[in-house]
Amino acid sequence: MKCNICSNSEGVHICNVNRTYGKGEELLVIENVPIISCPHSGESYMTAETLQKIEQVKLNCKIFAVARFVDVVSLNEDNAAISL
Ligand SMILES: [Zn+2]
């Protein structure tokens, strides 16, 4: 696989990450988003195809999404229970 930015292929790898979009009640988590990571240009990016898929998912998230109960922790100042 070749980096889109610097055309190097050595060490270029894909990591699947979870991305979150929106917030609160509208929070959408997309799992296994492939991020291409290049050690030469230091860039981490999604392909145009991935971005397109994400747009599709966001537009149709009610169709694609599976509702799951997740634990959400907010690191804001109101959460006084978290101490370092
Ligand atoms: Zn690169």
Side-chain angles (χ1 to χ4, degrees):
M1 192 180 58
K2 232 161 77 169
C3 173
N4 285 350
I5 293 153
C6 65
S7 298
N8 257 299
S9 55
E10 198 194 340
V12 177
H13 59 278
I14 298 177
C15 350
N16 289 314
V17 303
N18 298 342
R19 296 296 290 259
T20 57
Y21 297 91
K23 57 183 178 178
E25 297 277 299
E26 298 296 315
L27 185 72
L28 173 67
V29 180
I30 304 182
E31 294 183 315
N32 296 312
V33 178
I35 304 284
I36 297 166
S37 185
C38 171
H40 300 280
S41 52
E43 296 287 339
S44 297
Y45 57 92
M46 289 179 262
T47 62
E49 196 195 350
T50 302
L51 288 168
Q52 262 176 17
K53 278 190 191 169
I54 288 171
E55 283 310 308
Q56 281 297 310
V57 168
K58 277 156 73 180
L59 289 172
N60 301 290
C61 66
K62 295 283 182 286
I63 300 167
F64 293 122
V66 179
R68 274 195 220 163
F69 291 103
V70 293
D71 294 328
V72 179
V73 177
S74 172
L75 280 191
N76 64 17
E77 288 168 10
D78 298 336
N79 209 334
I82 301 172
S83 61
L84 295 173

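Numbering of ligands and ligand atoms starts at 1, following listing order.
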### Task
Locate the shortest heavy-atom distance separating Gly22 from Leu27; write the atom from each residue and the value.
O-CD1, 3.4 Å

### Message
Testing the basics here: between Glu31 and Asn18, what is the closest heavy-atom pair and its distance to 0.1 Å?
### Response
CA-OD1, 3.3 Å

### Message
Using 0.5 Å steps for rounding, measure from the CD1 atom of Ile5 to the NE2 atom of His40.
### Response
12.5 Å

### Query
Going by chain and residue number, what protein N/O/S atoms come nearer than 2.8 Å to the Zn ion (ligand 1)?
Cys3 SG, Cys6 SG, Cys38 SG, Ser41 OG

### Shortest non-hydrogen contact from Tyr21 toward Ile30
CE1-CD1, 3.6 Å

### Message
As a quick check of understanding, evaluate side-chain contact (heavy atoms from CB on, under 4.5 Å) for Arg19 and Ile35, giving each step before the final call.
### Response
CA-CA 10 Å; Arg19 296 296 290 259; Ile35 304 284; 3.6 Å; yes

### Query
Within a radius of less than 6.0 Å around NZ of Lys2, do more than 12 heavy atoms belonging to other residues, nucleotides or ligands occur?
no

